[in-house]
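Since the structure comes first, as structure tokens, the remarks are kept for the end.
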Amino acid sequence: MSRYKPVNSSIKTHQSTASLPKEEVNVVLLGKQSVGKSALVVKYLTKRFICEYDPFLEDTYWKPDVVDQQEVLVKIMDTYGKDHKRLPYYLKWADAVLITYSITQQDSFEMALAYLDAITSYSKSLTVSTNELVLMLLGNKLDLERVRVIPKCDGEAIAAKYSCAFCETTAADDYDYVQQLFHRTVREVRKERERVVASNSIDEEPPTTIPINSIATFPSPSSSSSSSSSIPFTISNDTERSVLSAISIPVPPPMPTSFIQKTTKLIKPDSQTSMNSLLSPTTKAGSPTTANTVPPTTISNTKRSSSKTSVFSKIFK
Ligand SMILES: Nc1nc2c(ncn2[C@@H]2O[C@H](COP(=O)(O)OP(=O)(O)OP(=O)(O)O)[C@@H](O)[C@H]2O)c(=O)[nH]1
């Protein structure tokens with residue numbers, strides 16, 4: 001039985017849907033068990049810190065918010081730390097993925113690296129267009145600085161290596177830190193959407209006659225680094241494509257009507273690939289501030305067009 005529940009099934013606001021903001025941002029939290037994914041979500045939704053959650057709960061919540069004077073409906077999928085099989089589904093649904101670890105737990109950091117590797121490999125394997133993802137590496141439990149085992153610079157270095165955003169925060173302290181986290185996420189998604197719109201408008205321009213001797217210039221895709229890591233399940237570039245092409249994406253559960261718009265951006269059936277073999281359950285992968293170490297980068301999961309392809313290949317070459 002699917003543990004997916006439609007949005008607003010758990011924590012509801014008392015607004016009619018008619019009054020909800022039109023702009024929607026879908027955020028998924030991934031990470032090892034007990035890193036505080038649910039605590040962060042509940043803090044954002046209720047401003048409260050709760051010590052006990054059902055660890056087997058996966059649910060999606062929504063909260064109308066205002067970011068930079070603009071209304072937005074933030075939908076958050078709180079995942080269950082052990083269910084790696086659903087990763088492709090999460091990636092399809094999400095506008096932003098917060099890969100969470102605890103600054104006090106080495107293996108949670110390793111798991112975060114595993115997720116980064118897996119998402120990178122997954123993105124490389126796709127060949128048709130889908131949504132763009134904003135990726136953020138997120139170190140939680142910053143209030144436990146005294147027992148920190150993952151230095152902040154390690155998180156920053158990994159984020160730089162994967163060209164994703166980085167942030168440290170805590171669910172156990174001031175609400176502002178968690179609010180800043182989600183607001184920043186919304187901003188990054190907006191930036192990415194603007195970039196995609198700008199890029200699409202270039203792609204869709206009808207051919208024009210270029211006067212002789214004129215020079216046409218086009219924006220070049222931003223460059224970015226990529227990486228491999230020492231995560232056990234990482235597969236080499238040589239074997240990657242053959243492995244990925246041999247496996248298929250599990251069919252996701254039916255989506256609620258509100259996701260229909262989103263699904264139009266999803267992967268087409270011919271791009272079937274699975275993360276199952278990449279994220280095996282046996283794979284193992286620490287002053288409250290948010291820290292931007294590198295400009296947040298998005299992942300183009302697939303090739304929407306030739307220009308997208310080049311951006312994509314620069315991110316995940
Ligand atoms: N000190 C401290 N404890 C936290 C923080 N965030 C979560 N916790 C605690 O860590 C434990 C696990 O938190 P959860 O939110 O259930 O972790 P999770 O990542 O959702 O775990 P799964 O649902 O099993 O994947 C709980 O006891 C929380 O109270 C934090 O920022 N600081």
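Heavy-atom basis, side chains included; hydrogens, waters and symmetry copies ignored.
Ring geometry for His183 against Tyr44 counts as perpendicular: the plane angle is over 60°, on a 0 to 90° scale with 30° as the lower cut.
Interatomic distance, Arg187 CZ to Gln180 CD, rounded to the nearest 0.5 Å: 8.5 Å. The CG atom of Leu113 sits 11.5 Å away from the CG atom of Asp107 when rounded to the nearest 0.5 Å. Taking OG1 from Thr120 and CG from Leu135, the interatomic distance works out to 7.0 Å, rounded to the nearest 0.5 Å. Note that the SG atom of Cys153 and the CZ atom of Phe166 stand 9.0 Å from one another [nearest 0.5 Å].
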Run the numbers on Val196 and Glu194 for side chain to side chain contact (heavy atoms under 4.5 Å, CB included), then give the verdict.
-> CA-CA 5 Å; Val196 169; Glu194 284 167 14; over 6 Å; no

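Under the 3.5 Å distance criterion, the side-chain polar atoms of Asn26 are matched with a main-chain donor or acceptor of Trp93. Remark: side-chain polar atoms of Asp68 are not paired, donor with acceptor, to backbone N or O of Gln70 under 3.5 angstrom. Of the possible donor and acceptor atoms, none in the side chain of Lys75 sits under 3.5 Å from a partner among the backbone N and O of Glu24. Checking side-chain atoms of Lys43 against main-chain N and O of Gln179 turns up no donor-acceptor pair under 3.5 Å.
Side-chain heavy atoms closer than 4.5 Å link hydrophobic residues (I, L, V, M, F, W, Y) into clusters, and following such links, even through other members, never connects Leu138 to Val35. Hydrophobic clustering (ILVMFWY, side-chain heavy atoms < 4.5 Å, transitive): Tyr175 and Leu29 are in one cluster.
Considering only residues two or more places apart in sequence or on other chains, Glu23 meets the salt bridge (Lys or Arg N to Asp or Glu O under 4.0 Å) condition with Arg190, Arg193.
Between the side chains of Asn140 and Thr100, no donor-acceptor pair of N or O atoms lies under 3.5 Å.
For the pair Arg195 and Glu192, the salt-bridge criterion is met [side-chain N within less than 4.0 Å of a carboxylate O].
The heavy-atom pair separating Pro64 from Leu73 by the smallest distance is N-CD1, 3.8 Å.
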